[in-house]
Every structure is written in C-alpha cells, then in structure tokens.
Amino acid sequence: MVSVKAIPQPDLVLISWTRNPLVPGSARRIIAARVIGNARPCTADLKHNALLSTALACLLDHDVGFKIVFSKRTSTISGFLLLQRNR
C-alpha cells in the first residue's frame, strides 16, 4: 500500500494598520489582524492598537520565519501587509 502524506500548508498573517493623522510621523498601529494557520510565538503582538513595528520585529525574526509577500498603502495613513511562513 502506498503511503500518502499531506502537503503542509503555509501560515498566513494579514495585518491592517493605520497611523494618527493628527500627529505627523506617528507610529503605525494595528487595527485588525487575521491568522490562517498559526503565528506562534508572535500571537500576542497581533492585537488591536498594538505597534506594527513590534509585531513585524517578531514575525520577521529568522527563527520565526515569516516573510512579507504583499504590502499596500491604501492612503497616506493606512495600509495592509500579508506575511507568509512555509512549514
């Protein structure tokens, strides 16, 4: 009998962010984040109003293994990112 193995699916993280329009140069903050698969060990950093820079520092760490596959600014104060990790 032939053994069939499932192909591991990638983990995906979609982050929507915004910055304060009244404060020039303000930090980008997460307004929503959705995870398909898992984002361990960075799950705690993907909360509403958390700093985007903190979440990205964790996700893009070499040991965690996420990479930005798509990034788009939707206005001068908002945008979104899609990150992927292959298992």
Side-chain angles (χ1 to χ4, degrees):
M1 179 172 209
V2 176
S3 172
V4 178
K5 294 183 181 182
I7 298 171
Q9 297 298 309
D11 295 319
L12 299 172
V13 177
L14 177 63
I15 301 172
S16 178
W17 60 267
T18 190
R19 65 174 76 225
N20 186 342
L22 302 176
V23 180
S26 63
R28 295 179 293 174
R29 296 203 171 261
I30 297 171
I31 33 177
R34 298 294 179 260
V35 177
I36 298 173
N38 76 66
R40 275 184 249 130
C42 305
T43 307
D45 296 323
L46 297 172
K47 294 185 177 170
H48 176 73
N49 212 29
L51 288 172
L52 178 62
S53 59
T54 303
L56 286 178
C58 181
L59 292 165
L60 296 175
D61 184 285
H62 292 292
D63 293 335
V64 178
F66 277 94
K67 292 184 179 171
I68 297 173
V69 293
F70 190 78
S71 176
K72 175 80 174 171
R73 287 186 91 130
T74 54
S75 72
T76 58
I77 60 162
S78 64
F80 62 92
L81 296 162
L82 177 63
L83 296 98
Q84 178 180 342
R85 170 173 61 187
N86 292 320
R87 294 188 222 178

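Note that the structure is predicted; figures quoted are calculated from it, not measured.
Here the CG-CG distance, from Leu82 to Leu14, works out to 6.0 Å after rounding to the nearest 0.5 Å.
Applying the ring-ring contact (aromatic ring centres under 6.0 Å, His included) rule to pairs touching residues 36-67 yields nothing, sequence neighbours excluded. Residue pairs meeting the salt bridge (charged side-chain N to carboxylate O under 4.0 Å, His left out) criterion with at least one partner in residues 58-74, sequence neighbours excluded, do not occur; the list is empty. Here disulfide bond (SG atoms under 2.5 Å apart) pairs that include residues 49-87, with residues two or more places apart or in two chains, are Cys42-Cys58. Applying the disulfide bond (SG atoms under 2.5 Å apart) test to residues at least two apart or on different chains, none of the pairs has a partner in residues 6-37.
Residues satisfying the side chain to side chain contact (heavy atoms under 4.5 Å, CB included) test with Leu51, not counting sequence neighbours, are Ala27, Arg29, Ser53, Thr54. Taking Arg85 as the reference, Asp11 meet the salt bridge (charged side-chain N to carboxylate O under 4.0 Å, His left out) condition, with sequence neighbours excluded. By the side-chain hydrogen bond (donor to acceptor under 3.5 Å, both in side chains) test, Thr74 is found to be paired with Ser78, residues two or more places apart in sequence or in another chain being considered. The side-chain hydrogen bond (donor to acceptor under 3.5 Å, both in side chains) test applied to Asn49 returns no partner, not counting sequence neighbours. Under the ring-ring contact (aromatic ring centres under 6.0 Å, His included) criterion, Phe80 pairs with Phe70, sequence neighbours left out. Here Pro41 pairs with Val64 under the side chain to side chain contact (heavy atoms under 4.5 Å, CB included) rule; sequence neighbours left out. Here Ala50 pairs with Ile30 under the side chain to side chain contact (heavy atoms under 4.5 Å, CB included) rule; sequence neighbours left out.
Using a 4.5 Å heavy-atom cutoff, the side chains of Leu56 and Leu83 are in contact. Looking only at side-chain heavy atoms (C-beta outward), Leu12 and Val69 stay at 4.5 Å or farther from each other. In this structure the side chain of Asn38 never reaches within 4.5 angstrom of the side chain of Thr43, judged on heavy atoms.
Cluster annotation: Val35 and Leu60 are assigned to the same hydrophobic cluster (Ile/Leu/Val/Met/Phe/Trp/Tyr, side-chain heavy-atom contacts under 4.5 Å, transitive). Under the 4.5 Å side-chain contact rule for hydrophobic residues, Ile36 and Leu46 do not share a cluster. Hydrophobic clustering of Ile, Leu, Val, Met, Phe, Trp and Tyr side chains at less than 4.5 Å, counting indirect connections, keeps Ile31 apart from Leu52.
Checked by atom type and distance alone, the side chain of Arg19 pairs as donor or acceptor with a backbone atom of Ser26 at under 3.5 Å.
Other residues sharing the hydrophobic cluster of Val23, ordered by chain and number and joined by side-chain separations under 4.5 Å: none, the residue standing alone.
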